[in-house]
Amino acid sequence: MEYNFNEIEKKWQQYWRDNHTYRTTVDTSKPKYYVLDMFPYPSGAGLHVGHPLGYIASDIYARYKRLNGFNVLHPMGYDAYGLPAEQYAIQTGQHPEVTTFKNIERYREQLDKIGFCYDWDREVKTCDPAYYKWTQWAFLKMFGSYYDTGREQARPIEELIAHLEAHGTEGLHAACSEELTFTAGEWNALSKAERDARLMNYRIAYRGNTMVNWCPKLGTVLANDEVSEGLSIRGGYPVEQKLMSQWCLRVSAYAPRLLDDLDTLEWTESIKETQRNWIGRSEGAEMLFPIVGRDEQLLIFTTRADTIFGVTFMVLAPESDYVDLVTTDERRAAVDAYLDEVKHKTERERMIDKKVSGVFSGSNAINPVTGKEIPIYISDYVLAGYGTGAIMAVPAHDSRDYAFARHFDLPIIPLIEGADVSSESFDAKEGIMTNSSNERLQLNGLQVKEAIARTKEYIARAGIGRVKVNYRLRDAIFSRQRYWGEPFPIYYDEQGQPQALDESLLPLKLPEVDKFLPTETGEPPLGRAKNWTAPNGRPLELCTMPGFAGSSAYYLRYMDPHNDKALVDKDVNAYWRQVDLYVGGTEHATGHLIYSRFWNKFLYDYGFVCEPEPFKKLINQGMIQGRSNFVYRVKDSNTFVTSELKDNYEVTPIHVDVNIVKNDILDIDKFRAWRPEFADAEFILNDGKYTCGWAIEKMSKSMFNVVNPDDVVANYGADTLRLYEMFLGPIEASKPWDTNGIDGVHRFLKKLWNQFFEGDKLRLTDGQPSPEALKSLHKLIKKVTQDIEAFSYNTSVAAFMICLNELTAMKCRDKAIYEPLVVLLAPFAPHIAEELWHALGHAESVTGASWPVWNEEYLKESTINYTVSFNGKPRFNIAVPAATSRDEVQQLALAHEGAARWLDGKQPRKVIVVPGKLVNVVV
RNA sequence: GCCCGGAUGGUGGAAUCGGUAGACACGAGGGACUUAAAAUCCCUUGGCCAUUGCGGCUGUGUGGGUUCAAGUCCCACUCCGGGUACCA
């Protein structure tokens, strides 16, 4: 009987389906373990060979834990809302739901072929109303909450209202967008609409006027993590800064907890570090600078309070509220011109164009320590969103201030002994202070660190500032001017104030629209929906939620996916608690992995979940990269030049589908047929061939370099694919897809098969295994067990091969050896393991077996080989009985006939014996 | 610029505490079986020298250091990958 993997895999996949082999229920008699993959966005390209890398790794671990007696929760679902489906809908008119469901079906088919042990009864789709009901529910809870900075938790907004009614802002500890001060009397005198507006300053989900990343091409705003280098991650379109009224989540309120709790997580240091940087805690001081001739003062933030004596000018962000205040009439025209210029630059232009620019406001400020008057400038190198949007400029010790001072010819005062600031600033936070003393404050002679502390102390005492911790983490912008997302359960009242829809009306289902484009008046697509109103007739919110809304709590929903009373039942949550092992890519470090932690903490504050963190252990699988091919189009033509000759022309490289390229040679006919615009393409060939360029890039549809796992499964089987992807190298490593080694693992499975069967007959026997066979087996058990625990799957696969080679060499045919081996193999290659397990006479699935335990007795050596070295150079080996003592080993080594040659008549100065390994003789 | 991570044969990659490199696999070369091919099996395979001897030298990005012993630890540097960036 041949190893017919196609037949075997089909058979067992059907068996698992029919028997609900992987269905999981709460079972308090067993310890639980929750293994989760980051669920995929079902893209039109289908799964490529890179996706399963993490899925296979987690599947192995889930199966391993099951065999070890754990009740394992291992679900899968789809992050089904997203831009690509909507962009496709805009182009084709096809409803995004149709394409999304079609893609999901395709994904499911592909996933099933690889033989994962998911409990599909728990599948979730973020676009399913029964699912997004709970996304909307969580949003309403956030809308109805504020963050109590004293108790460090979310509280119902009603508590805040009660406080404001009784005390105003006096003694209030609440995270807010803007520090407000008012009395209870003032509050109570406000109209309802005014109070509603003011509450937005405190709500955790709030509507606020903020600078947002606006992407005109996509027609929507984007969160910071959806933008990279001034371009949108999806599509790569330019993004500009715009002041807009948008829904936001007060993630920033959780910054301290998000930072501190990182220490409790079993994540890699690098991803924790990425999050720490993103959260960006910086300790500094806020300081007030009086404005000459005015009552108002400028509030600035600095981490270098010690440099106060070197402040030679002030700078405001163009968007700062102070700008209007300090601009004098005679400077008005110049300032307006500058503001206008800045406004028309995109974020990307602002980054690339690092030319110094700015304008004098006409006003001066007073240095509160030196009393000197200094000019106030406006420049776009100061960011509105960080600190207070205003800085004190210390050109001697900040490179940006330095460049500005040089450009506008402003004074530069060095403050650190020996610092040479003639050609560049001295930015290091070290050295001894100078030029920094007067009757109020004396810093001369101090180290920078001491000077910072003393200055902070002084400004607090003098009432000109206070110590302040700033975070870089901004609130998440939560609305999208898009169709394909969760609708907000929000309507607008007569005063135009947003109001919560009653919880009983959830889910608020996404309405149908005639087109997926903005309305003629520029409203989001939901503006096209008929009767898009609350039961009271008031208009509903037209924006939808962003992609990360649905993915922030999906791991909780898997615990209790069919519950229509709660996101997750409390008892069920108390059993599954949190994800024990989460597997996914690092690209979510500053997006999903922050939002989920925030969302979970919010729910934790209310006791909806019992763990403060969602993901205990995180493994980041590397990306399997694709190998892309390029053709080179000659500028302004439809002519393509082969890569060898491309340097003679002005060319644009264009990605070409790797499936119409073989060994970098383009199939010209297929290329012409590939796309209509290439139908009459001309070619400049070399030697009659068109050679494509290539590059290792991310595997993605847009790069046309996708390799489909289905093809690999059809040719080699799922078990081979699984083993091979693990054998490629450590799961954390990124590597280009390459099928070169796949025959090796396939051969291993065939060899194993042939050990079992001779023709149709099982050739295994019931005999007593030899000590050698037992040793080989137990070595394998130990190695594989330890490797799986360490996620070192590639060496596990190697261990299987070694063991099989040993068993084959000793002609071992004992069932007692192969039976445990099959169990060990089951997590890696479940189909063949199932087949062999049944061949061994078992009626039940191998899933119900128990993981073998190794016995050290079998691993003991009777004799041990020592390598004897002289002065570190290995010279000969000696074999001694296992029980030989250190001293005896030393004597045996020196007594050996070879020793005399290397001792060369001298006495050894020192002899080092490493037990079980080697002897080193120092002569 | 800053913060992480990395560099080992022709290739992917092994190597717990520092313990005497290159596991395993691919590829390559040679052989067996076969009319032939495929499949399968066996041998060789870091480099250089010696191969009718058992061997010798060298070798983990570069240069230093610590140690009886360094891919592993320390210092300096080069290159590559990732993240992040006018964050005051």
Side-chain angles (χ1 to χ4, degrees), chain A residues 2 224 228-230 268-278 280-282 284-285 300-305 307 315 317 350-351 353-354 356 379-394 397-401 403-404 427 470-474 586-587 589-590 620 622-623 625 696 723-724 727-730 732-736 738-748 750-751 754 783 786 790 792 794-803 805 808 866-875 908-923:
Chain A
E2 282 284 290
N224 284 343
S228 177
E229 300 190 346
T268 59
E269 245 345 278
S270 83
I271 204 156
K272 287 204 245 183
E273 200 54 32
T274 304
Q275 288 212 347
R276 285 189 194 110
N277 291 339
W278 188 259
R281 183 181 195 274
S282 71
I300 61 96
F301 175 77
T302 181
T303 54
R304 292 294 302 274
T307 58
V315 189
R350 217 162 131 163
M351 275 174 171
D353 180 19
K354 292 210 171 171
V356 177
S379 173
D380 65 356
Y381 83 88
V382 175
L383 302 178
Y386 185 76
T388 63
I391 61 150
M392 60 180 214
V394 186
H397 301 290
D398 183 289
S399 52
R400 297 154 299 179
D401 297 345
F404 195 85
D427 289 16
N470 248 324
Y471 293 90
R472 203 183 77 102
L473 183 70
R474 316 279 179 83
T586 48
E587 65 271 24
T590 54
N620 298 114
M623 253 190 308
Q625 294 141 318
I696 303 295
L723 278 172
Y724 181 58
F727 188 61
L728 266 177
E732 305 87 9
S734 291
K735 52 230 151 200
D738 165 22
T739 43
N740 275 341
I742 200 163
D743 289 315
V745 287
H746 190 64
R747 229 168 264 160
F748 159 73
K750 272 203 275 192
K751 280 187 212 165
N754 291 332
K783 177 78 177 145
Q786 291 176 344
S792 175
N794 55 335
T795 48
S796 278
V797 178
F800 276 110
M801 294 176 179
I802 295 167
C803 179
N805 282 342
T808 312
Y866 278 82
T867 304
V868 182
S869 303
F870 287 81
N871 290 334
K873 294 208 181 280
R875 296 304 182 189
R909 283 197 297 150
K910 197 155 108 186
V911 181
I912 294 132
V913 179
V914 180
K917 291 225 163 108
L918 58 96
V919 181
N920 190 20
V921 183
V922 186
V923 185

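Throughout, protein chains are lettered first and strands after them, A, B, ... in sequence-line order, and every chain is numbered starting at 1.
Nucleic acid contact for A/Leu728: sugar-phosphate only, since backbone atoms but no base atoms lie under 4.0 Å from a heavy atom of the residue. No contact: A/Arg909 has no heavy atom under 4.0 Å from any strand.
Rounded to a whole Å, the NZ atom of A/Lys735 is 10 Å from the C1' atom of B/rG13. One atom, CH2 of A/Trp278, and another, C1' of B/rC87, lie 12 Å apart when rounded to the nearest Å. Rounded to whole Å, the distance from CG on A/Asn871 to C1' on B/rU20 is 13 Å. As a whole-Å value, the separation of A/Ile271 CD1 from B/rG82 P is 15 Å. Across the protein-nucleic acid pair, A/Phe748 atom CZ and B/rU40 atom P stand 15 Å apart, rounded to whole Å. At whole-Å resolution of the value, CD in A/Gln786 and P in B/rA23 are 21 Å apart. Between the P atom of B/rG83 and the CG atom of A/Asn620 lies a distance of 13 Å, rounded to the nearest Å. Residue A/Asp398 contributes atom CG, which lies 18 Å from atom P of B/rA85 at whole-angstrom precision.
Taking 4.0 angstrom as the limit, A/Asn805 places a side-chain polar atom (N or O) nearer than this to OP1 or OP2 of B/rA25. Distances shorter than 4.0 Å separate none of the side-chain N or O atoms of A/Asn277 from OP1 or OP2 on B/rC2. Within the 4.0 Å cut-off from OP1 or OP2 of B/rU20, not a single side-chain nitrogen or oxygen of A/Arg875 is found. Distances shorter than 4.0 Å separate none of the side-chain N or O atoms of A/Tyr381 from OP1 or OP2 on B/rA88. Taking side-chain N and O atoms only, A/Arg400 has no distance below 4.0 Å to OP1 or OP2 of B/rG1.
Atom name C1', nucleotides B/rA36 and B/rG27: the rounded distance is 25 Å, in whole Å.
No side-chain heavy atom of A/Met392 sits less than 4.5 Å from a side-chain heavy atom of A/Asp401. Considering only heavy atoms from C-beta on, A/Asn794 comes within 4.5 Å of A/Ser792 through its side chain.
When all heavy atoms are compared, the tightest approach of A/Arg472 to A/Asn277 is NE-O, 3.3 Å.
Of the possible donor and acceptor atoms, one in the side chain of A/Lys735 sits under 3.5 Å from a partner among the backbone N and O of A/Pro730. A donor-acceptor contact shorter than 3.5 Å links the side chain of A/Ser734 to the backbone of A/Met623. A/Asn470 contributes no side-chain N or O that, together with a main-chain N or O of A/Tyr386, makes up a donor-acceptor pair within less than 3.5 Å.
For A/Met392 and A/Ile802, each mapped to the nucleotide of RNA chain B holding its nearest heavy atom, the one lying further toward the 5' end belongs to A/Ile802. Both A/Lys751 and A/Ser734 lie near RNA chain B, and the one whose nearest nucleotide falls closer to the 5' end is A/Ser734.
For the residue pair A/Ser399 and A/Asp427, a side-chain donor N or O sits within less than 3.5 Å of a side-chain acceptor on the partner.
Under 3.5 Å, the side chain of A/Arg276 and the base of B/rC4 form no donor-acceptor pair of N or O atoms.
Regarding the sugar-base torsion, B/rC17 falls in the syn class, its angle being within 90° of 0. Glycosidic torsion of B/rG71 falls outside 90° of 0, placing the base in anti.
Between atom CG of residue A/Leu473 and atom CD of residue A/Gln275 there is a gap of 9.5 Å, rounded to the nearest 0.5 Å.
Stem analysis of RNA chain B (Watson-Crick or G-U pairs, both distances under 3.5 Å, runs of at least three) returns B:1-7 with B:78-84, B:10-12 with B:24-26, B:27-32 with B:40-45, B:46-49 with B:55-58, B:61-65 with B:73-77.
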